[in-house]
Amino acid sequence: MLTVLRLVLVPIFVLTLFVGDGHEPAWRLTAFAIFVVAVLTDRLDGALARSLGMVTEFGTLADPIADKALIGAALIGLWVLGDLPWWVPAVILTREIGITVLRLAVLYRGVIPASRGGKLKALVQAVAIGLFVLPLSGTWLSLAWAVMIAAIALTVLTGIDYLISAARDVGAGPTPC
């Protein structure tokens, strides 16, 4: 249910982000609140599913889709509004889509689990995007850029780490049954 809620929140977040000219402080705060709720439902969803033993095929498939939809919609929305240059969503979304395709390509060998670096990347991305959704300026906007640069660095580094791990696993040959 939490994954479905997150999927439903994505278009609501986008609509709220674009109300008026997309830069009205009250609406940006509302969009931020919706974004935070969506991010928190992701954390809560995974924790509940694991602790209650309720990991399902639907959740395993839908959860990353909901994550990519939220992050992608936010990045593209912020680019369209002129708050981020085109290369920020391009770098982050290329990595996210690339690793998703990689995971599907090597699925026969088993699931590539999220690494600690991947989890840290997701957290820093969410914080950076959340800061850019807020109506910030001056020093606060500089802080948002510092967090975004860290998110981009983690995005690239963890993407490379996944590629190396996948190449190592594929090169090791088939796993005995």
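This chain uses plain numbering: 1 for the first residue, then up along the sequence. What you see is a predicted model, and the numbers here were worked out from it, not measured in a lab.
Residues Pro89 and Trp79 come closest through the heavy atom pair CG-CB, 3.8 Å. When all heavy atoms of Pro135 and Leu29 are compared, the pair lying nearest together is CD-CD2, 4.0 Å. Minimum interatomic distance between Leu70 and Ala38 (heavy atoms only, all atoms of both residues): CD2-CB, 3.6 Å. When all heavy atoms of Leu131 and Leu136 are compared, the pair lying nearest together is O-CD1, 3.3 Å. Looking at every heavy atom in both residues, Leu81 comes nearest to Asp21 through CD2-O, 3.8 Å. Ile99 and Gly159 make their closest contact through CD1-O, 3.8 Å (heavy atoms, listed as atom of the first residue, atom of the second, distance).
Annotation: side chain to side chain contact (heavy atoms under 4.5 Å, CB included) contacts of Ile160 (sequence neighbours excluded): Val156, Ile164. Residues passing the side chain to side chain contact (heavy atoms under 4.5 Å, CB included) test with Leu163, sequence neighbours excluded: Leu102. Every ring-ring contact (aromatic ring centres under 6.0 Å, His included) that Trp145 has, sequence neighbours left out, goes to Phe132.
Between Thr30 and Ile34 there is a side-chain heavy-atom pair separated by less than 4.5 Å.
Taking CG of Leu75 as the start and CG of Leu84 as the end, the distance is 6.5 Å to the nearest 0.5 Å. Here CG of Leu48 is found 11.0 Å from OG1 of Thr41. Values are rounded to the nearest 0.5 Å. Note: Gln125 CD to Ile92 CD1 = 5.0 Å, rounded to the nearest 0.5 Å.
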Do any side-chain atoms of residues 2-18 form donor-acceptor pairs under 3.5 angstrom with protein atoms, and if so which ones, sequence neighbours left out?
from, atom 1, to, atom 2, distance (Å)
Thr3, OG1, Asp45, OD2, 2.3
Arg6, NE, Asp67, OD1, 3.3
Arg6, NH2, Asp42, OD1, 3.4
Arg6, NH2, Asp63, O, 3.4
Arg6, NH2, Asp63, OD1, 2.4
Arg6, NH2, Asp67, OD1, 3.1
Thr16, OG1, Ile12, O, 2.7

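Leu157 and Met148 end up in different hydrophobic clusters when Ile, Leu, Val, Met, Phe, Trp and Tyr side chains are linked at under 4.5 Å.
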Would Phe35 and Val39 count as a side chain to side chain contact (heavy atoms under 4.5 Å, CB included) if you check the C-alpha gap in whole Å, the side-chain angles of each, and the deciding distance to 0.1 Å? CA-CA 6 Å; Phe35 183 79; Val39 168; 3.7 Å; yes

Full working for side chain to side chain contact (heavy atoms under 4.5 Å, CB included) between Leu78 and Val88: CA-CA 10 Å; Leu78 290 167; Val88 172; over 6 Å; no

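Every pair passing side chain to side chain donor-acceptor pair (under 3.5 Å) that includes a residue from residues 83-95 is listed here, sequence neighbours excluded: His23-Asp83, Arg28-Asp83, Arg95-Thr158.
Side-chain heavy-atom separations under 4.5 angstrom define the hydrophobic clusters, and the remaining members of the one that includes Val19 are Trp27.
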